[in-house]
Each structure stands twice: as structure tokens, then as C-alpha cells.
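Comments concern the structure below.
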2 protein chains.
Amino acid sequence: MKDVAARAGVSLGTVSNVLNHPELVSERTRRRVQSAIDALGFVRNESARQLRGGGSRTVAYVVFDAANPFFTDVAAGAQAATDAAGLALFLCNSGEDRERQAAYLDLLEQQRVEGVLITPVDPADPRLAALARRGTPVVLVDRGAGPEHCSVTVDDVLGGDLAATHLLDLGHRRIAFVGGPRSIGQVADRITGAERAIARGGGEPLTVLETEKLNIAEGRRAGERFLGLPAARRPTAAFCANDLLALGLLQQLVHLGLRVPQDVAIVGYDDIEFAAAAAVPLTSVAQPRQRLGRTAAELLLDEARGPAGHTHQHILFAPELVVRASTGLHRAATVA
Amino acid sequence: MKDVAARAGVSLGTVSNVLNHPELVSERTRRRVQSAIDALGFVRNESARQLRGGGSRTVAYVVFDAANPFFTDVAAGAQAATDAAGLALFLCNSGEDRERQAAYLDLLEQQRVEGVLITPVDPADPRLAALARRGTPVVLVDRGAGPEHCSVTVDDVLGGDLAATHLLDLGHRRIAFVGGPRSIGQVADRITGAERAIARGGGEPLTVLETEKLNIAEGRRAGERFLGLPAARRPTAAFCANDLLALGLLQQLVHLGLRVPQDVAIVGYDDIEFAAAAAVPLTSVAQPRQRLGRTAAELLLDEARGPAGHTHQHILFAPELVVRASTGLHRAATVA
DNA sequence: CTTCGGCGATGAAACGTTTCAAGAGGTGGC
DNA sequence: GCCACCTCTTGAAACGTTTCATCGCCGAAG
């Protein structure tokens, strides 16, 4: 910037004014400075600017699994909101890894981002509360929060209930749950919801096939374990914690010779775009993904704008069941 | 930091040493300073640190479409490399939008990231060359580059050739290409490859159904247009620029009553995980996705480490055809 | 002719670190 | 008892901006 000033024959302050308050600078000087900038290829050093007091104009979304289309849809919603506010959104993929989540949170705080959206692997990480306490707004996405954050969630207990109720209505009595680890709140809630429905509807206790992650590969593995269950105790339906698991499970079961939905009915969760395109189109519990992201980002921006006039909110959306071929009408017909 | 120093009864320099060169500080003082840090919840200001000379320890991948699993797999590969090097990776989603790409590039340069990986919407953006000229390493991913960058690509002409050759081998003579816009290099190359194969194999000229984007929704739309073609000129096979289009197309054609592969054979591109799980498992041209990302990040890190001993490289991988049901054996049998 | 106001431009302080030359204090050798 | 050396700590400079009080100048008003 010094060089620019020298070349244009003005002071540092004037160059800065051209950049930040062009209306204060005369047309003539502004042009001279601008051409010096262009000639020298000057690029403002954001660190220095930020140091002096400007904010970072940056927000981050720490995502649980970037490879899951559910989260990229949420991110798209968030980006719509940050774009409108003129902030940049960085995506950070924790990849279901606590340490990576921790590393990102530390980094983001050091970089003084304006706020953090996060779908946490580990909502108990003290970093989250600390971050908020020290003044970086944090909004939990798809996960409930304590009094120190805003949160935007979808009712996972209800979602689990919807899924299980649907299967019970179709006449299924022995239902499997595929998903895990249970330490993940969403998983635990969906199980709770399913158990609630079963208790009410009079099915047998849920057979839980716990997985280590929530991806397609784990779904396939669960398929093998499913088939390994003694035929007498084998469930006639599976409710999966997300669509990736459901797609993997579906693929593996079909591969091993079972028919869906005749032999096994499957319900997924999230209703990602691929669910409808699956080998057997997937019944799934739909969440308002974009809306989730947009709302979360709006809450974040509100808090970042005026920490004063902001009160934490916990917004809860309702999921909806989308019925497709993977649960079929077969049993229903049988029952009816 | 001043507060920390005061509370611990030491100088600023000592606090800094505790943070950056703990081996220079006596055990006693170190503990005192550390407890002051904890008590005050001090978080180092990364801007100031960077200003004084430290690098940003940060790399970004500007991705073409975060919702396409192809790119998240590439990103996972890149992250493996940056993790190993102790750098953080930020994902920036340009979402096929030139302006957003431009905004991200400006921002990243201002933030002085150590390097930029990018699958550009617009490889002609002068920002890219300028960035490199001014000293920020740039590596093009899945897109060829001039002499000013490294690049890591997969041979798209060959990929197009493989796909079309496969269809020709199955006896198809009238082939559609679904994808666009043509301004995207990958799309143009895949068309070129397909045309080369057709010229060699003696099919009719490619029917190009140009799309605006490369996603599922556009694939569905292409399905309608496909069916709108006069029956006499309607192709018997479609080669899609990526799997998202192929999945959308497949879904729509089936929905409209066509059988795949009997009425229309479909070949996709990328071989994303969902391709195998589709209604009719998709024949697709596979790319070494993770490898692509890892290699690109490694080149970037090499350049960032020593701009001196670095020479730009252009690495080209070969794609492979993965045959599944969507091209079936049907025609082959007919022909044979 | 003086004074006032307003517009543009200026220069220095401030932001929060890191680095580095130099100082303080202690230990051991001669 | 002096010097050399070592370890630990210090203080100040430097990084590249933005901001703000101030100044110079010009035209208009009195």
C-alpha cells in the first residue's frame, strides 16, 4: 500500500480512503490511485485490516459429513442467507471426527470468524460453550442446544415415530433399526421415537443394528449382519438412521437375494435427492433441509449483528414421511 | 495477551514464547503463564500473528458443485493430504457461479491462504493467472491448465470415447449426449471423445441435448426433451456428462414408461457411489476421485513449501468404464 | 480585505502479535 | 575474585492496515 501511495504521489491515508470511503476522495486522485493499484497488482492484506478493527466478513459451517447430500443441501440454504448478507461461507468437514471438529473450532476462533454454524460430532465439546461465552456466535444445526446457543432442529423423535408407525401400519411387528453410533443425538432420538411408536402400536422390541458411521458402506455391512440374524428372529422391516445407510442396506439385501419391500421393507431418513432414484425408490422421512440451513444462518447473522438485541431461540421443524416403493403396499394389502 | 502477561507477571515476549517456543521458557514460568491463559480464556489473534509474518496455515478448495458427490470425494482426498501436512482445508462452493468463484478468489487472496485448489467454473478468469503470478500457488483440479499452474486431470476425451465405444459395441447407432453448458471444459472434452468414437465406429452424428447445469433436476428435464424427440429420430442410448444427469434422466424415462436398458441405454460419468445404487444400476465412467484430490493437494503443498524448487506439472489420469445394468446385455445379445 | 466553511488530503496512532538483540542473574573454571 | 558462558527474560521494532484529528486551500459571504 505504501508503494501504491508513492506511485500515486499521495499519502497512505488517501489510498485507504480510496479503498474504503471513495466518496471522500476527489475524482482525480481516486483515478490516479486506482491506476497505481492496478499497475502494481496490489491486494489488500486482510489480516492487517482485520487487526485494525474490521470484522472478518466470514462465517463457517462445520459440517458432520460433507459427503452426505443432506448436509450439502443444508449448506446451500445457509449460503443463500450469508450471500444475501454479503458474508462469505467456508465449509469445514469434520467427517464425524471429534479431533478434526476441535481443530476447526480452535482455528475458526483464532481467525475471529463472525460466527459458526455447526452440526457437531460432539455437542459436549467445551469449546462450543466457550466459543459462545467469548463472543463468537454459535448456532447448532440439526442438534439441540443449551441456553448458550441458538439451535435449529427437526423433531427427530417425531421422525422416528412416523417411520415406525408407518411400518406398524403396514403390518410389520418385528422392526430393525440400523444406525449409530448411539452417542449421536439424532440417532438416539430417532430410536426413541421408533420405540415410542412400537410401544404404542404393539410391535416387538426394536432390533438395533448399531453402525459405526452413517454412510453407504456401513449400510452394506449392516445388510450382511441383517441376513446373519437367525431366520426366526429376522425383522421384516428396517428403519435406517439416514438414507445413506438405507441405500447401502437396500443394495446389499437385493444383492443377497432378498426382495424389497416383499421380504424386507425399508425406511430411510432425510429424503435426499438420491432416495427417489434408488433401485427401489426409498420411503424416507423428509426434513426441510434448505430451510434448516437458511434459518440457522439467519439466526447466526442476527446474533452477529447485534449481540445486544438478540435472544437465543430454539427452532423446531416437523419432519414428514414420504412414502415410496421400498415399503410398498404389499403388506398393507395383506393386512387389509 | 497483555492481560495474560500482566496476570502472570511476565512480559509480552515471554507469553509469546510460551505459545511458540515453549522450550525456551522455564518450566515454572511456563506453568504460570499457561494458567493465566486458561483463567482468562485467551485466544490468540490469528490476524496479528499472520501480519507479523507467520503464514495462514490454511488452504482452500473452490469446488464446482458441493452437492455433487464426485467433488466431495475429491475434497476428501485433498483433506487427507492437508491433514498430513498440518494445514486446514476450507471448502468454498462456487455452485457453478462465476461471480461467486470470483468473490471467493478475491477473498482467499486477501486472506493470504497458502494455496488454492480449484475446479473452476471459469478457467479463463484472469484472477487465476494473477493469483499465481503474485505468489499464491494455484492447482487446477479436474481441469487442464496453462504453464502458470499445476493441474491434475482425468482424460475426458478418453472417457467420452470409452462411453461411446461401449454403446457402439452394444449395437447402438443413434446416441444422445446429455450435458452442458458446453463452455465447461469437461463437457466439451467428453463430447469430443464421444464424437471421435462415433466417427471411428460408424454411428450417426451425436444428438446433443444441452443442459444448463449438471444436476439431477436437469437430468429429469432432459428426460422430457428426450421423449419429445420424434420417434424416428429418437436415440436408443444416452451418454450423460455426469452421474447426476444420468440419474435424473433415468428416473424420468422410467417414470414416462420407457425401459432401461431395453428402450434406452444410459451411461453416466464419475461413478459416484450412488450410481451403483440406482433404480437400474448405472454404467459409468469411473475416475480416481480421492487420488485426484490427494495428488492435487500434494502438488499444491509442494509449491507452497518451496516456490523455488518447484516446477509445474500436469498430471493426467486415465478413466475406466464400469459396466452395469443400465446398458445391459440386451442389445449385445441381439447383435451377437 | 477578512473570515468562515467545506472539501481533500495528511500523518500519526493504534490494532495484537512475533522476533531479536540485549540484559539479568547464576554457575563453573581458572 | 574475575571472567566466560549459559539460561531465562525483557523491551522495542516491525508487520500493513484504518481511523481520526488536523491542516491547507479555495470560494463565498460579510
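Throughout, protein chains are lettered first and strands after them, A, B, ... in sequence-line order, and every chain is numbered starting at 1.
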| Across the strands shown, which category fits A:Asn20 at heavy-atom distances under 4.0 angstrom: base, sugar-phosphate, nothing? | sugar-phosphate

| field | Distance below 4.0 Å between B:Thr14 side-chain N/O and D:dT10 OP1 or OP2 | value | yes

| query | Are B:Thr119 and B:Tyr61 close enough that a side-chain donor and a side-chain acceptor fall under 3.5 Å? | reply | yes

| Any chance the rings of B:His310 and B:His312 have centres within less than 6.0 Å? | yes

| field | No-H, no-angle donor-acceptor pair, B:Arg52 side chain to C:dT17 base, under 3.5 Å | value | no

| said: Salt bridge or not between A:Arg98 and A:Asp125? Use side-chain N to carboxylate O under 4.0 Å. | reply: no

| message | Taking 4.0 Å as the cut-off, does a side-chain nitrogen or oxygen of B:His21 come that near to OP1 or OP2 on D:dC8? | response | no

| query | When we call it a touch if two heavy atoms are under 4.0 Å apart, what does B:Ser26 touch: a base, just sugar-phosphate, or nothing? | reply | sugar-phosphate

| message | Strictly under 4.0 angstrom, non-hydrogen atoms only: write out the protein contact profile of nucleotides 21-27 of chain C, one letter per nucleotide from the 5' end, B, S or -. | response | -------

| field | Greater than 12 external heavy atoms within 6.0 Å of B:Glu212's CD | value | no

| field | Degree of bending, the helix from C:dC1-D:dG30 to C:dC30-D:dG1 (end axes from five pairs; round to 10°) | value | 60°

| Listed partners of A:Arg7 passing salt bridge (Lys or Arg N to Asp or Glu O under 4.0 Å), at least two apart | none

| query | Would B:Glu114 and B:Arg57 pass as an ion pair if we require N to O under 4.0 Å? | reply | no

| said: Using a 3.5 Å distance criterion without hydrogens, assess whether the side chain of A:Tyr104 forms a donor-acceptor pair with backbone atoms of B:Leu89. | reply: yes

| said: Using a heavy-atom cut-off of 4.0 Å across all strands, would you classify A:Gly13 as base, sugar-phosphate, or nothing? | reply: base

| message | Without decimals, in angstroms, what is the distance between B:Glu23 CD and D:dT9 C1'? | response | 14 Å

| Is there side-chain contact between A:Thr153 and A:Leu140, with at least one heavy-atom pair below 4.5 Å? | no

| field | Rounded distance in Å - CG (B:Leu51) to P (D:dC15) | value | 9 Å

| message | Can you see whether B:Ser47 engages A:Gln50 through a side-chain donor-acceptor pair at a distance of less than 3.5 angstrom? | response | yes

| remark: A:Glu46 CD to C:dG16 P, in whole Å, measures 16 Å

| Is B:Arg44 near enough to C:dT18 that one of its side-chain N or O atoms lies under 4.0 angstrom from OP1 or OP2? | yes

| Residue whose nearest DNA chain C nucleotide is more 5′ - B:Asn17 or B:Ala48 | B:Ala48

| field | Rounded interatomic separation in angstrom, taking CE from B:Met1 and C1' from C:dT19 | value | 11 Å

